[in-house]
Amino acid sequence: GSAPIVMQRNPMFSTINADDITKFKEILGEKNVVQDEEVLLAANTDWMQKYKGSSNLLLQPRTTEEVSQILKYCNSRCLAVVPQGGNTGLVGGSVPVFDEVIINMGSMKNIISFDKVSGILVCEAGCILENLVSFLDNQGFVMPLDLGAKGSCQIGGNVSTNAGGLRFVRYGSLHGNVLGLEAVLANGTVLDMLGTLRKDNTGYDLKHLFIGSEGSLGIISKVSILTPPKLSSVNLAFLACKDYVSCQNLLLEAKRKLGNILSAFEFLDSHSMDLVLNHLEGVRNPLPPSMHNFYVLIETTGSDQSYDKEKLEAFLLRYMEVGLISDGVLAQDINQAFSFWRIREGVPEALMKAGAVYKYDLSLPIEKMYDLVEEMRMRLGPAAKVVGYGHLGDGNLHLNISLPEYDDTVLGQVEPFVYEWTSKHRGSISAEHGLGLMKANKIHYSKSTESVHLMVSIKKLLDPNGILNPYKVLPSSLTS
Ligand code: FAD
């Protein structure tokens, strides 16, 4: 199935000719100008296999200077481009819509510096998140973000989408942790904002424009990020709750009682669990089969193993007694912890294997969050599997509708209902995945007309020809 988005190629953009290829080879060398069909097929297709472009050209810059020269040339020729990281984005932002040139950042993967006193890491944008995690682990530090796609996604992609993930509840947003950036503008200008200072109130903080801008304002080439020290004691509990209200109350208590050692609070409903058990090999429910409606993962990270463990055990015991927790188990070792995380992190993969999926990534008031899942289930009836999971600790619901194949009739029942519902509760229609192609025309559900117009002005100022990731993020009717 393909994405149900019908649009026209913007005729302002040129198409690639032989001179362009010669020029790119001059800048990058033969082998970094990729026209191989197999590579292009993969780079034209998104992680969900839902969005497919038809680009004939992928460029692999190795330095900021190369990125700058490519963009300068594309801008002068009015060639549209799509910046691409690990291509794990979930809103169709990282693949071309038509024949945009793909600029893949994977070759810019050097770590530039690490300061062990401040914990500040400076690296190139193409570093894979998991590689940064391993590098830091050896230094006794951790990345302030973690997510299921860590084996492929790149730090530049994470910053460009302002990815949230599993540790957000503890370490907060990339708007806080990213201390500096280097970005290349559409005309090739290199913007050095690669500071490593915690405090710097000199004028407008321009880096924030690029964090979460999904490749629409510039290409991020380097990142400076504050990393917290690795703490020795990590504990993980896998719990069951009988209803959503219990999950919600448990969150409140966890924040209150576990306070500064709480490092993750994730949830999934039994429908998500069924999908994982049915579609992922080697995964099993650590709790005996029962009528559990919800599962919660609580992770603590601190510096005193016996104290932290006792604290979590006492917490579990207490809330089992009062009935907020119906059943639960503490990971006994790192392998068991890994298997618990596999369940939660495996939900997107299981959904993909189950067939077609409509994905909604919403911020909602926590007390209202699951009402939407239930309403959607009633609305769609037994024809669709409606699942809810996500980062409960951050008020972030992943509402997913799983079907054997894409179906416009079902989609018509889901949208715009889901956006209207979210807007009515003053939520966000994109909590952490961005707008991409999927929601470029939906931004008004979460942002005022005045805000959108200012965004359009900023886009036009930084990228007057609109070559950077066209058709994404902002409504095409306003940008072209
Ligand atoms: P891509 O997918 O390649 O690109 C994403 C966007 O950023 C595109 O618009 C692209 O044009 C732009 N971009 C990429 N690199 C650059 C650059 N250097 N400069 C400018 N623009 C660039 N997200 C969360 O927030 N939390 C989660 O918990 C989470 N879990 C996930 C789990 C799975 C299994 C998967 C598949 C995805 C998950 N995601 C999650 C989605 C998330 O947005 C991405 O995984 C990740 O942040 C994207 O990084 P990437 O390198 O793959 O970027």
Side-chain angles (χ1 to χ4, degrees), residues 43 45-51 53 61 64 67 71 80-97 100 102-109 123-130 145-169 173-174 181-186 209-223 264 266 280 341-342 344-353 357 359 361 363 389-391 394 396 398 400 430-440 463 468-473:
T45 312
D46 82 316
W47 190 84
M48 298 175 292
Q49 316 240 336
K50 188 171 177 183
Y51 299 94
T64 303
V67 177
L71 284 183
V81 305
V82 50
Q84 187 172 74
N87 198 11
T88 67
L90 300 174
V91 290
S94 54
V95 292
V97 182
E100 299 91 273
I102 301 166
I103 302 183
N104 185 285
M105 297 300 287
S107 301
M108 291 186 63
K109 51 180 186 222
C123 66
E124 290 182 329
C127 290
I128 290 176
L129 180 59
E130 195 160 63
L145 84 159
D146 185 13
L147 45 104
K150 58 181 157 283
S152 322
C153 66
Q154 300 172 4
I155 190 67
N158 299 145
V159 173
S160 300
T161 54
N162 188 24
L166 307 163
R167 300 278 144 61
F168 188 102
V169 75
S173 148
L174 287 175
L181 289 180
E182 179 187 80
V184 185
L185 301 182
L209 272 181
F210 296 87
I211 301 173
S213 68
E214 303 178 67
S216 66
L217 297 180
I219 295 192
I220 294 176
S221 45
K222 292 186 186 128
V223 175
E266 295 287 313
L280 299 187
W341 272 123
R342 175 75 182 128
R344 166 61 189 86
E345 291 183 288
V347 183
E349 195 183 323
L351 279 158
M352 206 187 74
K353 291 191 170 155
V357 57
K359 298 178 90 69
D361 157 43
S363 271
Y389 66 97
H391 314 294
D394 316 318
N396 179 186
H398 293 322
N400 283 238
S430 178
E432 59 172 13
H433 293 165
L435 296 166
L437 178 62
M438 179 190 178
K439 289 175 278 189
D463 179 19
L468 284 164
N469 223 358
Y471 322 107
K472 322 276 176 65
V473 187

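Start at 1 and go down the list; that is how both ligands and their atoms are numbered.
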Check your understanding: Can you find an N or O of Pro83 that's nearer than 3.5 Å to an N or O of ligand 1?
Key -> yes
Point to revise | Location of contacts on Leu166 toward ligand 1, heavy atoms closer than 4.0 Å | key: neither
Point to revise | Contact check: Pro348 vs ligand 1, nitrogen or oxygen atoms, below 3.5 angstrom | key: no
Check your understanding: So which protein heavy atom does atom 53 (O) of ligand 1 come closest to, and at what separation?
Key -> Gly157 CA, 3.6 Å
Check your understanding: Is the backbone N or O of Gly165 less than 3.5 Å from a side-chain atom of Glu432, with the two atoms forming a donor-acceptor pair by type?
Key -> yes
Point to revise | Heavy-atom nearest neighbour in the protein, as seen from atom 48 (C) of ligand 1, with distance rounded to 0.1 Å | key: Thr88 OG1, 3.5 Å
Check your understanding: Do any N/O atoms on Asn469 end up under 3.5 angstrom from N/O atoms on ligand 1?
Key -> yes
Review point. For atom 21 (N) of ligand 1, which candidate among Gly390, Gly148, Ser160 holds the nearest heavy atom?
Key: Ser160
Exercise for review: Report yes or no: does Ser216 contribute a side-chain atom to a donor-acceptor pair with the main-chain N or O of Asn469 at less than 3.5 Å?
Suggested key: no
Check your understanding: Do the side chains of Ile211 and Leu181 get nearer than 4.5 Å, heavy atoms only?
Key -> yes
Check your understanding: Where does Lys472 meet ligand 1, judged by heavy-atom distances below 4.0 Å: at the side chain, the backbone, both, or neither?
Key -> neither
Review point. Does the protein put a heavy atom under 4.0 Å from atom 42 (C) of ligand 1?
Key: no
Point to revise | Contacting atoms of ligand 1, where contact means under 4.0 angstrom from a heavy atom of Gly215 | key: 20 (C), 21 (N)
Exercise for review: Would you check if Val91 and Ser430 make a side-chain contact, meaning some heavy-atom pair closer than 4.5 Å?
Suggested key: no
Practice item. Could you check which of Ser213, Ala149, Cys153 puts a non-hydrogen atom nearest to atom 35 (C) of ligand 1? Key: Ala149
Review point. Any N or O on Gly93 sitting closer than 3.5 Å to an N or O of ligand 1?
Key: yes
Check your understanding: Is Ser213 reaching over with its side chain to a backbone N or O of Phe210, donor-acceptor style, under 3.5 angstrom?
Key -> yes
Point to revise | Derivation of the salt bridge (Lys or Arg N to Asp or Glu O under 4.0 Å) call for Lys50 and Asp46 | key: CA-CA 6 Å; Lys50 188 171 177 183; Asp46 82 316; over 6 Å; no
Study note, to complete from the structure: The answer for which part of Met105 has a heavy atom under 4.0 Å from ligand 1 is side chain
Point to revise | Top protein contact for atom 23 (N) of ligand 1, by heavy-atom distance | key: His433 CD2, 3.5 Å
Check your understanding: Are the side chain of Gln84 and the backbone N or O of Ser94 linked by a donor-acceptor pair below 3.5 Å?
Key -> yes
Check your understanding: Quick check: does Asn87 get an N/O under 3.5 Å from an N/O on ligand 1?
Key -> yes
Exercise for review: Would you mind reporting whether Leu166 and Glu345 have side-chain heavy atoms less than 4.5 Å apart?
Suggested key: yes
Check your understanding: Excluding sequence neighbours, so at least two apart, what forms side-chain hydrogen bond (donor to acceptor under 3.5 Å, both in side chains) with Glu266?
Key -> Arg344, His391
Point to revise | Heavy atom of His391, distance to ligand 1 below 4.0 Å | key: yes
**Study point:** Whether Glu130 side chain and Lys150 backbone form a donor-acceptor pair below 3.5 Å
**Key:** no
Check your understanding: Closest non-hydrogen protein atom to atom 50 (P) of ligand 1, residue and atom name please, with distance?
Key -> Gly86 N, 3.4 Å
Review point. Taking both backbone and side-chain atoms of Gly85, is any N or O found less than 3.5 Å from an N or O belonging to ligand 1?
Key: yes
Check your understanding: Does the N or O separation between Ile220 and ligand 1 drop below 3.5 Å for any pair?
Key -> yes
Exercise for review: Ignoring angles and geometry beyond distance, decide whether Gly164 reaches within less than 3.5 Å of ligand 1 through its nitrogen or oxygen atoms.
Suggested key: yes
Check your understanding: Quick one: does Gly218 get an N or O within less than 3.5 Å of an N or O on ligand 1?
Key -> no
Practice item. Determine yes or no for a side-chain-to-main-chain donor-acceptor pair under 3.5 angstrom, with Asn396 supplying the side chain and Ala431 the backbone. Key: no
Check your understanding: Okay, side chain of Glu214, backbone of Leu435: is any donor-acceptor separation there less than 3.5 Å?
Key -> yes
Point to revise | Numbering as shown, the atoms of ligand 1 that approach Leu147 to under 4.0 Å (heavy-atom distance) | key: 27 (C), 28 (O), 29 (C), 30 (N), 45 (O)
Practice item. Would you please name every residue forming a ring-ring contact (aromatic ring centres under 6.0 Å, His included) with Tyr471, sequence neighbours left out? Key: Phe98
Check your understanding: Taking both backbone and side-chain atoms of Thr161, is any N or O found less than 3.5 Å from an N or O belonging to ligand 1?
Key -> yes
